[in-house]
Participant: 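Would you mind keeping the following structure in view while I ask a few things?
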Amino acid sequence: MLTPAAVEHLNPSGWLLVELGAGQAPEVARIFRECGKYREPIIASDPASIERVVGAQSTAL
């Protein structure tokens, strides 16, 4: 799975941002939360107000 593996490649306190299809943001945010290696995820919407990006900052220092 991407979220636990990616944290090993981020700079300390680095961010992982994922572009999504419509309707996928809640599930992807849940995956970040359950991974336990990231702070609370953020969700950004596109100009049409569709949740399009989920990002989370690594808890590694």
Side-chain angles (χ1 to χ4, degrees):
M1 184 173 282
L2 176 67
T3 52
V7 77
E8 305 301 326
H9 300 281
L10 296 175
N11 288 329
S13 300
W15 284 81
L16 177 59
L17 303 170
V18 182
E19 184 178 8
L20 315 164
Q24 295 177 322
E27 179 67 13
V28 174
R30 182 191 63 76
I31 291 168
F32 272 110
R33 284 185 199 99
E34 289 181 359
C35 176
K37 296 183 178 187
Y38 297 91
R39 300 186 194 288
E40 180 64 21
I42 60 158
I43 298 174
S45 297
D46 67 13
S49 298
I50 297 170
E51 294 176 330
R52 189 64 70 190
V53 175
V54 175
Q57 187 178 26
S58 167
T59 58
L61 299 175

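Heavy-atom basis, side chains included; hydrogens, waters and symmetry copies ignored.
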Participant: Residues two or more places apart in sequence or in another chain: which of them pass side-chain hydrogen bond (donor to acceptor under 3.5 Å, both in side chains) with Glu8?
Facilitator: none

Participant: For residues Ile31 and Val18: do they belong to one hydrophobic cluster (side chain heavy atoms under 4.5 Å, members Ile, Leu, Val, Met, Phe, Trp, Tyr)?
Facilitator: no

Participant: Just list the side-chain donor-acceptor pairs under 3.5 Å for residues 9-16, sequence neighbours left out, or say none.
Facilitator:
{"unit_1": "Ser13", "atom_1": "OG", "unit_2": "Ala60", "atom_2": "O", "d": "3.4"}

Participant: Could you pull out all donor-acceptor pairs under 3.5 Å where a side-chain atom in residues 35-48 meets a protein atom, sequence neighbours excluded?
Facilitator:
{"unit_1": "Tyr38", "atom_1": "OH", "unit_2": "Thr3", "atom_2": "O", "d": "2.6"}
{"unit_1": "Tyr38", "atom_1": "OH", "unit_2": "Val7", "atom_2": "N", "d": "3.3"}
{"unit_1": "Arg39", "atom_1": "NE", "unit_2": "Gln57", "atom_2": "OE1", "d": "3.4"}
{"unit_1": "Glu40", "atom_1": "OE1", "unit_2": "Arg33", "atom_2": "NE", "d": "3.4"}
{"unit_1": "Glu40", "atom_1": "OE2", "unit_2": "Arg33", "atom_2": "NE", "d": "2.9"}
{"unit_1": "Glu40", "atom_1": "OE2", "unit_2": "Arg33", "atom_2": "NH2", "d": "2.9"}
{"unit_1": "Asp46", "atom_1": "OD1", "unit_2": "Ala48", "atom_2": "N", "d": "2.9"}
{"unit_1": "Asp46", "atom_1": "OD1", "unit_2": "Ser49", "atom_2": "N", "d": "3.2"}
{"unit_1": "Asp46", "atom_1": "OD1", "unit_2": "Ile50", "atom_2": "N", "d": "3.0"}
{"unit_1": "Asp46", "atom_1": "OD2", "unit_2": "Arg52", "atom_2": "NE", "d": "3.2"}
{"unit_1": "Asp46", "atom_1": "OD2", "unit_2": "Arg52", "atom_2": "NH2", "d": "3.1"}

